[in-house]
Amino acid sequence: MSSFSKTLLQWYRLNKRNMPWVGETDPYKVWLSEVILQQTRVEQGTAYYLDFIKHYPTVQHLAKASANEVMKRWEGLGYYSRARNMHATANVITQQLKGVFPDTPEGLQSLKGIGKYTANAILAYAYHKPYAVTDGNVLRILSRYQGITIPVNTPAGKKMVEALADRLLDKQLPHTYNQALMDFGSLVCTPRNPDCGNCPFRRSCYAFNHEMTAILPQKEKKRAAKTRYFNFFVMKSGNKVLIMPRHAADIWKALWQFPLIETAEEATLQDIQRSNVYKDWKLGKVQWEEAGTFKQQLTHRRLICRFFTGEIKTTPEIDGMQELVNRKEMERFAFPGVIRDFMKGKLYF
DNA sequence: AATTCGGGGCT
DNA sequence: AGCCCAGAATT
């Protein structure tokens, strides 16, 4: 055992976080937890994890569920390709791999939604194999510890940290070591105001000794968020309303929405009604009512979503699948958060 | 190598 | 407003 690992595990014994998947060795549950936690805080993902293992205790249960049901269960968690890939992979494992998870990095990474991090996590936690995980915590800890100044959000920087992570890994206890390192990043070596006063690595940490903790890890700036203008048309017909799935390679793919016309900038209802997309719907005369504007700030998008409600007399000619549902039936479908906001806000039909 | 994919919490 | 979160896939 390296002295790094010895120090880390000593810290871990006294400070470990208690989470439902800690110590889990069922590769299905390890996989589930890792996918749910991708770019997601533990506090946000935990309830989803518990809900998923409750309703889908095995990979076979998950594979058997419908895509809509899985998406509904994922609703609100974001990055919905995770749910789509997870469901597809559950079927591959059930049908092609006889229910057995691969136990090699290549085998795991050949599955949709499993990259290097998740593959290594499964190898370490489920099979106790000597693979180091490199997530946001590890990038931060090790770039500080070693004084790595290459931006960690570039391939070169990530490679550098991964090589160091491989060297420091405790090959006897990869599962405990990896978990300990991430807990340490979450509790001590935090993004802002790290608790260096209580850090057991203080004496050997490059960043601490060179007063660089505030500037490490280095990151390349991301571009500012662009604004998109979504105009949703809530088409009512009696006690039912028309919804349709999003299918394009775009945000919220496979979630449901109201018929949408996106504009390059803020537009008036008259402008939108003059557009070819609107005309092609062939709705005839509809009395639209402005029903609210909801804004949502995402990591790289700013969304301005306007909602118009109106009673339709004829079925619109819209490409793709559509469903006419009442209020209760709508609950089976997964919607983007901003549409949920709209539906929560008022009685709209 | 750069961009995209959500949503929420924190400063 | 900007950053970050147990990243992966696409271009």
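Predicted, not measured: the structure shown is a model, and the values here were computed from it. A, B, ... follow the sequence lines: proteins, then strands. Residue 1 opens every chain.
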Any ion pair linking A:Glu162 and A:Lys116 (charged N to carboxylate O, less than 4.0 Å)? yes
Starting at the 5' end of DNA chain B, which residue's closest nucleotide do you reach first, A:Lys226 or A:Arg41? A:Lys226
Strictly below 4.0 Å, N to O, side chains only: are A:Arg340 and A:Glu331 in salt-bridge contact? yes
Determine the Euclidean distance between corresponding P atoms of C:dA8 and B:dG8; express it in Å to zero decimal places. 22 Å
Can you tell me which nucleotide in B:dG6, C:dG7, C:dC3 comes closest to the side chain of A:Thr299? B:dG6
Cation-pi check, A:Arg73 onto A:Tyr56 ring (under 6.0 Å, within 45° of axis): yes
Consider the side chain of A:Tyr80, meaning its heavy atoms from C-beta on, and name the nucleotide among C:dG2, B:dC5, B:dG7 that approaches it most closely. B:dG7
It should be established whether A:Gln296 places a side-chain nitrogen or oxygen under 4.0 Å from OP1 or OP2 of nucleotide B:dG7. yes
Just N and O in the side chain of A:Gln39: are any of them under 4.0 Å from OP1 or OP2 of C:dG7? yes
Could you work out the separation of B:dT11 and C:dA6 based on their C1' atoms and round it to a whole Å? 22 Å
How many Å lie between OH on A:Tyr79 and C1' on B:dT4, as a whole number? 8 Å
Counting any heavy atom closer than 4.0 Å, what does A:Lys253 reach on the DNA or RNA strands: base, sugar-phosphate only, or nothing? nothing
So, OP1 or OP2 of B:dT4: does either fall under 4.0 Å of a side-chain N or O from A:Arg301? yes
Is any side-chain N or O of A:Lys222 closer than 4.0 Å to OP1 or OP2 of C:dC4? no
Residues A:Lys344, A:Asp341: salt bridge by 4.0 Å N-O rule: yes
Which part of the nucleic acid, if any, lies within contact of A:Met19, taking any heavy atom under 4.0 Å across all strands shown: a base, the sugar-phosphate backbone alone, or nothing? base
Taking the side chain of A:Arg192 as heavy atoms from C-beta outward, which of B:dT11, B:dA2, C:dG7 is closest to it? B:dT11
Considering every strand and a 4.0 Å limit on heavy-atom distances, what is the contact class for A:Ile36: base, sugar-phosphate, or nothing? nothing
When the C1' atoms of B:dA1 and C:dC5 are compared, how many Å lie between them, rounded to an integer? 23 Å
Does A:His300 make a side-chain N or O approach to OP1 or OP2 of B:dC5 shorter than 4.0 Å? yes
Select one nucleotide: of B:dG6, C:dC3, B:dT4, the one nearest the side-chain heavy atoms of A:Gln44. B:dG6
Please indicate whether A:Met86 has more than 12 foreign heavy atoms, meaning atoms of other residues, nucleotides or ligands, lying under 6.0 Å from its CE. yes
Comparing nearest nucleotides in DNA chain C, the 5'-proximal residue of the pair A:Gly115, A:Gln297 is A:Gln297
In whole angstrom, give the distance that lies between atom CG of A:Asn153 and atom P of B:dT3. 11 Å
I'd like to know if A:Arg17 reaches the base of C:dA6 with its side chain such that a donor and an acceptor end up less than 3.5 angstrom apart. yes
Return the value, rounded to whole Å, for the distance between atom OH of A:Tyr49 and atom P of C:dC5. 22 Å
What's the CD1-P distance between A:Ile251 and C:dT10, to the nearest Å? 17 Å
Using a 4.0 Å heavy-atom cut-off, does A:Val35 contact any base of the nucleic acid, only the sugar-phosphate backbone, or nothing at all? nothing
Within the 4.0 Å heavy-atom criterion, would you say A:Lys221 contacts the bases, only the backbone, or no part of the nucleic acid? sugar-phosphate
Looking at every strand, decide which applies to A:Ser81 at a 4.0 Å heavy-atom threshold: base, sugar-phosphate, or nothing. nothing
May I ask you to verify if any side-chain N or O of A:Arg140 is less than 4.0 angstrom from the OP1 or OP2 atom of C:dC5? yes
Using a cut-off of 4.0 Å on non-hydrogen atoms, how would the nucleic acid contact of A:Trp74 be classed: base, sugar-phosphate, or nothing? nothing
Assess whether a salt bridge exists between A:Asp250 and A:Arg228, defined as any Lys/Arg side-chain N lying under 4.0 Å from an Asp/Glu carboxylate O. yes
Distance, C1' atom - from B:dG6 to C:dC3, rounded to whole angstrom: 15 Å
Whole angstrom value for the distance that separates P of B:dG7 from CZ of A:Arg82: 11 Å
Closest to the 5' end of DNA chain B, once A:Leu255 and A:Ala156 are matched to their nearest nucleotides, is A:Ala156
Rounded off to whole Å, could you give me the CH2-to-P distance for the A:Trp21 and C:dA6 pair? 10 Å
Stepwise, does the side-chain contact (heavy atoms from CB on, under 4.5 Å) test hold for A:Phe208 with A:Tyr145? CA-CA 8 Å; A:Phe208 179 75; A:Tyr145 180 72; over 6 Å; no
What interatomic distance, in whole Å, is found between C1' of B:dC5 and the corresponding atom of C:dC4? 16 Å
Using a 4.0 Å heavy-atom cut-off, does A:Gly185 contact any base of the nucleic acid, only the sugar-phosphate backbone, or nothing at all? nothing
Separation of atom CZ in A:Phe335 from atom P in B:dG7, rounded to whole Å: 14 Å
Side-chain donor-acceptor pair present, A:Trp256, A:Asn68, cut-off under 3.5 Å: yes
Ranking B:dG6, B:dT3, B:dA2 by distance to the side chain of A:Glu220, first place goes to B:dA2
Separation of C:dC4 atom P from A:Leu187 atom CG, nearest Å, is 18 Å
In terms of side-chain heavy atoms of A:Asp135, which of C:dG7, B:dG6, B:dC5 is nearest? C:dG7
Would you state whether a donor and an acceptor, one from the side chain of A:Tyr117 and one from the base of C:dG7, lie under 3.5 Å apart? no
Over all strands shown, is A:Asp250 touching base, sugar-phosphate only, or nothing at heavy-atom distances under 4.0 angstrom? sugar-phosphate
A:Asn85 has its side chain closest, among B:dC5, C:dC4, C:dA9, to C:dA9
Using the side-chain heavy atoms of A:Thr118, tell me which of these nucleotides is nearest: C:dA6, B:dG6, C:dA8. C:dA8
